[in-house]
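Below is one structure, written out as structure tokens; comments come after it.
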There are 2 protein chains.
Amino acid sequence: MTQMKKGEKTREHILKTTRAILVANGFHNTSISDIIKASGVKKGNLYYHFASKEDIGLEVLEDAKEEFFQFLAQSFQGHSPCAKVVNSCQAIFAEQKKNNFVGGCLFGNAALEMSDLNPRFSEVIHGVFAHWVDEIERHLSMAGEGSLLLGNVSSALMAKTIVATIEGGIMMSRVSKDQADLKECLVVIAAMLGQ
Amino acid sequence: MTQMKKGEKTREHILKTTRAILVANGFHNTSISDIIKASGVKKGNLYYHFASKEDIGLEVLEDAKEEFFQFLAQSFQGHSPCAKVVNSCQAIFAEQKKNNFVGGCLFGNAALEMSDLNPRFSEVIHGVFAHWVDEIERHLSMAGEGSLLLGNVSSALMAKTIVATIEGGIMMSRVSKDQADLKECLVVIAAMLGQ
DNA sequence: CTCGCAAAACTGACCGTTCGGTATAAAAAT
DNA sequence: ATTTTTATACCGAACGGTCAGTTTTGCGAG
């Protein structure tokens with residue numbers, strides 16, 4: 001049971017605890033009882049703060065989305081557009097490493113498990129990927145068409161592929177328990193961008 | 001309730017029906033009751049053929065694995081190693097299209113949802129991805145190091161990245177309900193292979 | 001400062017339902 | 001005669017969720 005920090009609101013504490021469980025175990029494999037045990041918050045109180053299990057899941061996703069967008073915004077650092085994109089990808093790798101590659105990507109997991117349950121879920125998840133792709137594309141387009149290694153591939157196509165590759169790489173890292181899988185994907189992404 | 005074909009063994013009928021449900025809804029979101037309703041097989045009979053829900057899930061995965069390996073083996077067709085790999089990827093796309101992009105990749109879903117449950121699950125899933133990567137690498141290596149567009153990327157790295165990109169592309173197609181997402185990833189893969 | 005009091009926060013027993021799985025006996029099919 | 005299938009009733013545990021009631025908190029009035 002994770003201790004609640006002084007001054008931390010119960011609601012936030014529930015969301016934070018639940019997020020960790022969801023990343024590790026997924027939505028359907030997480031029970032209210034699991035959340036209660038892990039957070040130390042009693043059932044009645046939990047349902048005082050949230051309407052339902054789905055509600056908790058949704059708010060966890062929305063919180064994570066906000067956080068990810070902030071993380072993303074400051075992850076594009078480098079001397080050239082392509083370098084910025086590569087550095088952003090590597091920042092994501094570093095984040096995964098910090099979490100010991102446990103549980104993979106919350107959004108990727110949610111995409112497979114929750115997106116069909118409730119349209120509000122899929123809305124949030126779709127929003128995450130769309131924004132992520134847009135951000136990458138925005139940077140790539142600054143590089144100019146000619147400077148990309150794969151001449152006939154537009155920055156839009158490239159951006160989408162980069163996101164797909166990272167998500168797939170995280171998934172493979174998880175199942176193989178080998179962080180090299182993701183790292184290697186990043187090498188290829190960097191190579192594609194001429195870095 | 002899907003009708004059982006004449007001559008089809010009950011056991012196979014259960015596995016086939018369950019696979020479709022698992023692809024669409026995932027393991028934890030599928031109940032024995034769902035399987036019974038969808039297959040028309042009575043509960044007692046189901047437990048006559050299978051020991052447990054996990055058992056069914058495992059056998060579904062193993063069946064799907066065998067089938068995928070066969071599919072994969074005959075999907076590498078073309079006049080050059082790289083063309084073979086690209087055609088294989090496009091065969092997978094065609095398969096997804098045939099299923100209207102519903103549910104994504106069973107192995108990808110299982111990787112996130114089931115691989116932590118039971119080591120036998122993760123064994124099967126890991127085996128699928130490992131073999132898939134190996135097959136691609138085997139073909140790419142025939143192309144010779146120099147012929148790959150990204151000079152400093154080994155065929156092993158490339159193979160892993162291709163699989164990751166396809167899995168990520170399937171996932172993004174699912175959440176965005178836009179098959180173009182996967183198709184576009186294939187365009188980039190083809191470009192990487194100089195096709 | 002402190003009393004009163006309403007709102008907010010919290011508690012834990014309890015609800016009906018569904019879960020995966022079992023039991024058993026009879027009927028069909030091979 | 002043996003395997004396979006049906007039928008139905010049942011089990012305890014776990015599920016998501018509710019509720020009446022208690023405790024804590026914030027705050028304006030005296």
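In this text, all values refer to a predicted model and were calculated from it rather than measured experimentally. Each chain gets a letter, A, B and so on, in the order the sequences are listed, and its residues count up from 1.
- Using a 4.0 Å cut-off between charged side-chain N and carboxylate O, A:Glu62 and A:Lys65 make no salt bridge.
- No salt bridge links A:Glu123 with A:Arg120; every basic N to acidic carboxylate O contact stays at or beyond 4.0 Å.
- In this structure, NZ of B:Lys53 is placed 8 Å from P of C:dG21, rounded to the nearest angstrom.
- If you measure from atom CG of B:Asn29 to atom P of D:dG16, you get 12 Å, rounded to the nearest angstrom.
- Between A:Lys42 atom NZ and D:dG16 atom C1' the separation is 19 Å, expressed in whole Å.
- Along DNA chain D, the nucleotide closest to A:Ala51 and the one closest to B:Gly44 are compared, and the more 5′ of them pairs with B:Gly44.
- Regarding contacts with the backbone of D:dA14, every side-chain N or O of A:Ser31 stays at 4.0 angstrom or more from both OP1 and OP2.
- Outside the 6.0 Å centre-distance limit, the rings of B:Trp132 and B:Phe69 are not counted as a close aromatic pair.
- As a whole-Å value, the separation of B:Arg11 CZ from D:dT5 P is 11 Å.
- Remark: B:Ala110 engages B:Leu61, B:Met114, B:Ile125 in a side chain to side chain contact (heavy atoms under 4.5 Å, CB included) (not counting sequence neighbours).
- Of the listed nucleotides (D:dT4, D:dG17, C:dG21), D:dG17 has the atom at the smallest distance from the side chain of A:Lys43.
- Spacing between atom CD1 of B:Ile36 and atom C1' of D:dT5 amounts to 13 Å, rounded to whole angstrom units.
- The shortest distance between the side-chain N/O atoms of B:Ser33 and the OP1/OP2 oxygens of C:dG20 is not below 4.0 Å.
- B:Ile32 has its CD1 atom 16 Å from the C1' atom of D:dC15, to the nearest Å.
- Straight-line distance from the CD1 atom of B:Ile14 to the C1' atom of D:dT5: 11 Å, rounded to whole Å.
- Residues A:His28 and A:Asn45 both approach DNA chain D. Their nearest nucleotides, taken by heavy-atom distance, put A:His28 toward the 5′ side.
- Separating the OH atom of A:Tyr47 from the C1' atom of C:dC15 is a distance of 13 Å, rounded to the nearest angstrom.
- A salt bridge (charged side-chain N to carboxylate O under 4.0 Å, His left out) check over residues 44-60 of chain A, counting only residues at least two apart or in different chains, returns the pairs A:Arg11-A:Glu59.
- The shortest distance between the side-chain N/O atoms of B:Tyr48 and the OP1/OP2 oxygens of D:dT4 is below 4.0 Å.
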